[in-house]
Amino acid sequence: MRLLTILLSISLASFLYACSGPSIEEDARSAADLSRISNQCAIENDMTGAGKAYSEAQAIMEKYKNLGKFEEFYEIYNSYLQESARVEDAKLEEEADAALAEPAGTTNEKK
């Protein structure tokens, strides 16, 4: 009876531990965000920030490699990267359209 109680306690503790961590979707989104931040920092010549964000993203990826769930993780991660790129492209296109809509050399000053 005591052995059964110990086994049930260990099983419950393992289950709670597994449920308490971030989900694969949350980790994939975090890694995608960190990858985007790393790229942006590199563009802005902030190599310290780029390296830090890159290392954090790689640590998340390594976790799923070690768990044998990297393919599942990478599929979700890649979808978040693509979503982020679409949002960024739409934002840039909107800014370009706004700049083209305003005639060059005009000001909003009243004389």
Side-chain angles (χ1 to χ4, degrees):
M1 183 68 175
R2 184 175 179 149
L3 180 60
L4 180 61
T5 304
I6 291 171
L7 288 174
L8 286 174
S9 297
I10 291 171
S11 297
L12 180 60
S14 297
F15 176 75
L16 291 175
Y17 176 75
C19 292
S20 66
S23 71
I24 194 168
E25 288 85 8
E26 292 169 330
D27 277 345
R29 181 177 291 279
S30 293
D33 288 344
L34 288 164
S35 293
R36 187 182 48 74
I37 290 168
S38 176
N39 289 340
Q40 188 60 42
C41 286
I43 289 168
E44 295 171 359
N45 246 1
D46 176 8
M47 294 305 144
T48 302
K52 183 174 186 267
Y54 176 81
S55 294
E56 290 177 24
Q58 290 301 305
I60 294 170
M61 290 181 189
E62 191 64 32
K63 171 183 169 181
Y64 288 96
K65 286 177 185 174
N66 292 337
L67 292 172
K69 295 183 175 184
F70 185 73
E71 287 182 27
E72 178 184 359
F73 168 83
Y74 190 79
E75 187 175 307
I76 299 167
Y77 163 82
N78 195 39
S79 72
Y80 284 129
L81 279 180
Q82 290 175 355
E83 175 187 320
S84 176
R86 279 192 299 273
V87 168
E88 190 64 28
D89 288 348
K91 188 169 130 183
L92 290 172
E93 186 176 315
E94 192 174 284
E95 290 172 1
D97 289 346
L100 290 174
E102 186 175 305
T106 61
T107 61
N108 292 333
E109 295 178 21
K110 291 185 179 180
K111 292 185 181 182

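When reading the values below, keep in mind they use all heavy atoms of this one structure, side chains included, and skip hydrogens, waters and symmetry mates. Note that the coordinates shown come from a computational prediction; the quantities given were computed from them, not determined experimentally.
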Name each donor-acceptor pair under 3.5 Å that joins a side chain in residues 93-100 to protein atoms two or more places apart or in another chain, with its distance.
none

Suppose we screen for side-chain contact (heavy atoms from CB on, under 4.5 Å). Which residues come up paired with Asp46, at least two apart in sequence or across chains? Cys41, Thr48
Begin with the C-alpha distance, continue with both residues' side-chain angles, and end with the deciding distance and a verdict on side-chain contact (heavy atoms from CB on, under 4.5 Å) for Asp33 and Arg36. CA-CA 5 Å; Asp33 288 344; Arg36 187 182 48 74; 4.2 Å; yes
Please give me the minimum heavy-atom distance between Ser35 and Ala57, naming the atom from each residue. OG-CB, 3.9 Å
Checking Ile43 now: which residues fulfil side-chain contact (heavy atoms from CB on, under 4.5 Å) with it, not counting sequence neighbours? Gln40
Remaining members of Ile37's ILVMFWY cluster at a side-chain heavy-atom cut-off under 4.5 Å? none
Apart from Ile60 itself, members of its ILVMFWY cluster (side-chain separation under 4.5 Å) are Ile24, Leu34, Met61, Tyr64, Leu67, Phe70, Phe73, Tyr74, Ile76, Tyr77, Tyr80, Leu81
Just grab all the salt bridge (charged side-chain N to carboxylate O under 4.0 Å, His left out) pairs involving residues 58-78, residues at least two apart or on different chains. Asp27-Lys63
Listed by chain and number, what are the side-chain contact (heavy atoms from CB on, under 4.5 Å) partners of Ala42, not counting sequence neighbours? Met47, Ala50
Got a sec, which pairs hit side chain to side chain donor-acceptor pair (under 3.5 Å) with one end in residues 50-61, sequence neighbours left out? Lys52-Glu56
